[in-house]
*Asks:* 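Let me begin by handing over the structure; questions about it come next.
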Amino acid sequence: MSAVSGLQGKIPGFDTNAVVIVSIVILIALFSIQRFGTSKVGLSFAPVLALWFFCLGSIGIYNIFKHDITVLRAFNPAYIYFFFKRNTAKAWSALGGCVLCVTGAEAMFADLGHFSVLSIQVAFTCVVFPCLLLGYMGQAAYLMKHPSSAERIFYDSIPDGLFWPVFVIATLAAMIASQAMISATFSCIKQSMALGCFPRLKVIHTSRKLMGQIYIPVINWFLMIMCIVVVASFRSTTGIANAYGIAEVGVMMVSTTLVTLVMLLIWQTNLFVALGFLMVFGTVELIYLSAVLSKILDGGWLPLAFASCFLCVMYTWNYGSVLKYQSEVREKISMDFMIDLGSTLGTVRTPGIGLLYNELVQGVPSILGRFLLSLPAIHSTIVFVCIKYVPVPVVPQEERFLFRRVCPKDYHMFRCIARYGYKDVRKEDHHAFEQLLVESLEKFLRREAQDLALENNIADMELDDAASMSLREDENTVSGVGDLQIPLMHDQRMGNGGTSTSSEVVSLLPSSVMSSDEDQSLEYELSAIREAMDSGFTYLLAHGDIRARKESWFLKKLVINYFYAFLRRNCRGGAANMKVPHMNILQVGMTYMV
């Protein structure tokens, strides 16, 4: 709207309704191309923004020298005091507009995943800050001679003959800024889903080379509708600017608070230094916050309303998910019961690998009991798969899976924790996932067999050492001259037993650590895994229904039975996220009372 509003004074009859209509058309076009990704037009972003900042700086310099070069006295901080002394309450209220001069600085390091710290620092210090400073000082110089142009100072201060080029560049820069906001929203939502703080949504990766380029259809159309509603309702940039001011200062205060916590808890900074940082920056931000809060009724309520809605959704989803996980932990099957069932699990074991998905990192989930009761047979190999997002950007493929044996060997049951970073792309099809899982399982079995054989060899060596020490003590006692005979007997034993000692040392090496019986046991288990793999994979999923207990509080029943249930019914299911054919899925229903 700020870019398009420049046409009001240039084209006769171009009123507010025309500004709203053109802005809505541009918004619809912008959101409609999101599904194609930004890689096609991303190359034009840097040149356009560089041209935009060049225009700001050069036009500012032109206005400073043409209209009033004395605006350079604004660098003197004494004028801040004179301004507040002369205007008092009006000066305090004007701070709400001054904060809009630094919009964007709060998100300076939001794109650390795409750019380095040094590149961001250089860009903001050497390009953004000086160009903005020159642009605003040029506008101030223009206002010194044309005070009536305050309403559309940016376009009025443009030299004659440069209006249309600057208008096009300004519109493109505004669209690029909007594109950056949309992409940042997609990234935030994806990371919130990975950390269990937002309902699962469909995520489309629009680039094969850059994993950060994603598209979330639901969020895209929600943003488009809300933007159209805001533009059509406010119909001017004044109310939207008031809303943006509160969002701006709010983000700055949150950042200052979190940096203070990082200084204390992670960097282990001196307490007085951390509190000094909080006092300096926090005081300035509180002053700005007090100014922008006066604009709540004039549009400032908008970000507060949106933040409240998203907070309710995120808290409800996280609260319900935590209660569901706690219920699964309470109801897991005991190991004694599994031992009583035996290796057949009380049913028939048929060739194949069953991947049972659950959220437990240890123990046997209760959903296995449902499958044993509902199915006439169960797979010969069962793997409890637990997908966890860890607080690191990317997990290497070789560290993706962690395996652990759940029951004795003849049960052929394993626990697998699949770890993903919050920026990892789960784009592989189910065949690639299955192949990688089986390869990791075979490596685990070999390593387990080697570790077990190594422990047995070490235990045998300790027993041999204990026996020889006992024999040595007995011989010393019988001879009565133990102190003289110990070196001779020790050398003799070392000479006679040199070969066996060498073989014992060699036996500690992984290549020859296993006996023939242990090697046959490993080969049998590996062949059983391969045979089960050839028979196919089946994904065992639970369709869980979460209900609050009857004795729960009314508010808890309202949140769990209605709000959280609504989110679960309308979010993306686990089977859809895994890209698994429906023929390979078995699903049973289960109700969790929380």
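For clarity, every value in this text was computed on a predicted model and none was experimentally measured. Side chains included, hydrogens not; waters and symmetry mates left out as well; all remaining heavy atoms used. For the single chain, residues carry numbers from 1 onward in sequence order.
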*Asks:* To the closest 0.5 Å, what do you measure between NZ (K295) and CG (N242)?
*Replies:*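 Between K295 NZ and N242 CG, I get 5.5 Å after rounding to 0.5 Å.
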
*Asks:* Can you confirm whether more than 12 heavy atoms, excluding those of E151, are under 6.0 Å from its CD atom?
*Replies:*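 No, CD of E151 has 12 or fewer neighbouring heavy atoms, counting only those of other groups under 6.0 Å.
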
*Asks:* Does R419 use its side chain to pair, donor to acceptor, with the backbone of L402 at less than 3.5 Å?
*Replies:*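 The answer is no, because no donor-acceptor pair under 3.5 Å joins these two groups.
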
*Asks:* Would K388 pass as a cation-pi partner of Y325, given that its NZ or CZ must be under 6.0 Å from the six-membered ring centre and within 45 degrees of the axis?
*Replies:*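 So K388 does make the cation-pi contact.
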
*Asks:* Could you check whether any side-chain heavy atom of M253 comes within less than 4.5 Å of a side-chain heavy atom of L286, counting everything from C-beta outward?
*Replies:*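 M253 reaches L286 side chain to side chain.
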
*Asks:* Please report the interatomic distance CD(Q139) to CE(M137), rounded to the nearest 0.5 Å.
*Replies:*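 It comes to 12.0 Å.
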
*Asks:* For M193 versus L201, what's the shortest heavy-atom pair and its separation?
*Replies:*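 So the minimum-distance heavy-atom pair works out to SD-N, 3.1 Å.
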
*Asks:* Whether the side chain of S294 engages the backbone of A291 through a donor-acceptor N/O pair (distance < 3.5 Å, no angle test) should be reported.
*Replies:*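 Yes, because the side chain of S294 sits within donor-acceptor range (under 3.5 Å) of the backbone of A291.
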
*Asks:* Would you confirm whether T316, through its side chain, and V313, through its main-chain N or O, come within 3.5 Å as a donor-acceptor pair?
*Replies:*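 Checking the backbone N and O of V313 against the side chain of T316, no donor-acceptor pair under 3.5 Å is found.
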
*Asks:* For L258, what residues pass the side chain to side chain contact (heavy atoms under 4.5 Å, CB included) criterion, not counting sequence neighbours?
*Replies:*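 Partners of L258 by the side chain to side chain contact (heavy atoms under 4.5 Å, CB included) criterion, ordered by chain and then number, come out as V254, L261.
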
*Asks:* Sequence neighbours left out, what pairs pass side-chain hydrogen bond (donor to acceptor under 3.5 Å, both in side chains) with at least one residue falling in residues 245-262?
*Replies:*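 Counting only pairs at least two positions apart or across chains, the side-chain hydrogen bond (donor to acceptor under 3.5 Å, both in side chains) contacts touching residues 245-262 are T256-E285.
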
*Asks:* Distance from Y215 atom OH to F36 atom CZ, nearest 0.5 Å?
*Replies:*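 So the OH of Y215 and the CZ of F36 are separated by 9.0 Å.
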
*Asks:* In terms of the angle between their ring planes, are W317 and Y564 parallel, tilted or perpendicular, with boundaries placed at 30° and 60°?
*Replies:*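 Plane angle between 30° and 60°, so tilted.
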
*Asks:* Decide yes or no for S236 and T16: does some side-chain heavy atom of the first lie under 4.5 Å from some side-chain heavy atom of the second?
*Replies:*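 They are not in side-chain contact.
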
*Asks:* If you count every heavy atom of other residues, nucleotides or ligands that lies below 6.0 Å from R152 atom CZ, does the total exceed 12?
*Replies:*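 Enclosed: over 12 neighbouring heavy atoms sit under 6.0 Å from CZ of R152.
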
*Asks:* Would you call I228 and I28 a side-chain contact if the rule is heavy atoms closer than 4.5 Å?
*Replies:*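 They are in contact (side-chain heavy atoms under 4.5 Å apart), so the answer is yes.
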
*Asks:* Sub-3.5 Å donor-acceptor pair from the side chain of N63 to the main-chain atoms of I59, do we have one?
*Replies:*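 Side chain of N63 to backbone of I59, a donor-acceptor pair under 3.5 Å: yes, one is there.
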
*Asks:* Tell me if the CE atom of M226 is crowded by more than 12 foreign heavy atoms within 6.0 Å.
*Replies:*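 More than 12 heavy atoms, drawn from other residues, nucleotides or ligands, come within 6.0 Å of this atom.
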
*Asks:* Please assess F154 against L56 for the test side chain to side chain contact (heavy atoms under 4.5 Å, CB included), listing each intermediate value before the final yes or no.
*Replies:* CA-CA 10 Å; F154 174 74; L56 284 180; 3.7 Å; yes

*Asks:* Please check: side-chain N/O of N318 versus main-chain N/O of S321, any donor-acceptor pairing under 3.5 Å?
*Replies:*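 Not confirmed, N318 side chain does not pair with S321 backbone.
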
*Asks:* Between P303 and A247, what is the shortest heavy-atom contact and its length?
*Replies:*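 Heavy atoms of P303 and A247 come nearest at CB-CB, 4.1 Å.
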
*Asks:* Quick one: are E359 and K324 in side-chain contact, heavy atoms under 4.5 Å?
*Replies:*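 Touching, per the 4.5 Å side-chain cut-off.
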
*Asks:* Do the ring planes of Y155 and F167 sit parallel (below 30°), tilted (30 to 60°) or perpendicular (above 60°)?
*Replies:*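 Geometry flag for F167 against Y155: tilted rings.
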
*Asks:* Tell me whether the NZ or CZ atom of K10 lies within the 45° cone about the ring axis of F163 and under 6.0 Å from its centre.
*Replies:*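 Satisfied, under 6.0 Å and within 45°.
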
*Asks:* Can you name the closest pair of heavy atoms from F31 and C227 and give their distance?
*Replies:*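 Heavy atoms of F31 and C227 come nearest at CZ-SG, 4.1 Å.
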
*Asks:* Can a donor-acceptor pair be found, under 3.5 Å and without considering hydrogens, that links the side chain of S58 to the backbone of C55?
*Replies:*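 A pair under 3.5 Å: yes.
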
*Asks:* Do I560 and Y319 have side chains that approach each other closer than 4.5 Å (heavy atoms only, starting at C-beta)?
*Replies:*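 I560 reaches Y319 side chain to side chain.
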
*Asks:* Measure the OH-CD1 distance between Y142 and I158 for me, rounded to the nearest 0.5 Å.
*Replies:*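 Interatomic distance, Y142 OH to I158 CD1, rounded to 0.5 Å: 10.0 Å.
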
*Asks:* Hey, could you give me the CZ/CG distance between F554 and L558, rounded to the nearest 0.5 Å?
*Replies:*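 F554 CZ to L558 CG: 5.0 Å, rounded to 0.5 Å.
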
*Asks:* Quick check: closest heavy atoms across F401 and A418, and the distance to 0.1 Å?
*Replies:*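 Scanning both residues completely, I find the closest heavy atoms to be CE2-CB, 3.7 Å.
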
*Asks:* Supply the atom-to-atom distance L27 CG to M175 CE, rounded to the nearest 0.5 angstrom.
*Replies:*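 These two atoms lie 8.5 Å from each other.
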
*Asks:* Please examine the side chains of V102 and M252, heavy atoms only from C-beta on, and report whether any two atoms are closer than 4.5 Å.
*Replies:*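 Side chain of M252 against side chain of V102, heavy atoms only: contact under 4.5 Å found.
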
*Asks:* Just by modelled atom types, is the L323 backbone N or O under 3.5 Å from a matching donor or acceptor in the S327 side chain?
*Replies:*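 Checking the backbone N and O of L323 against the side chain of S327, no donor-acceptor pair under 3.5 Å is found.
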
*Asks:* Go through the steps for R35 and I204 under the test side chain to side chain contact (heavy atoms under 4.5 Å, CB included), then give the verdict.
*Replies:* CA-CA 8 Å; R35 61 192 181 95; I204 299 174; over 6 Å; no

*Asks:* Is the shortest side-chain heavy-atom distance between L30 and I182 below 4.5 Å?
*Replies:*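 Counting from C-beta outward, L30 and I182 do come under 4.5 Å.
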
*Asks:* Looking only at heavy atoms, what is the nearest atom pair of S32 and W221, with distance?
*Replies:*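 Scanning both residues, the minimum pair turns out to be CA-CH2, 4.3 Å.
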
*Asks:* Minimum heavy-atom separation for A91 to F84, with atom names?
*Replies:*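 Looking at all heavy atoms of both residues, the closest pair is CB-CD2, 3.7 Å.
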
*Asks:* Within the 4.5 Å heavy-atom criterion, are C386 and L360 side-chain neighbours or not?
*Replies:*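 SC-SC contact between C386 and L360 ruled out.
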
*Asks:* Let's go through V22 and I26 carefully: what are the C-alpha distance in whole Å and the side-chain angles of both, what is the deciding distance for side chain to side chain contact (heavy atoms under 4.5 Å, CB included) to 0.1 Å, and is it a yes or a no?
*Replies:* CA-CA 6 Å; V22 174; I26 294 177; 4.1 Å; yes

*Asks:* Between I176 and W52, is the side chain to side chain contact (heavy atoms under 4.5 Å, CB included) condition met? List the steps.
*Replies:* CA-CA 11 Å; I176 291 173; W52 163 247; over 6 Å; no

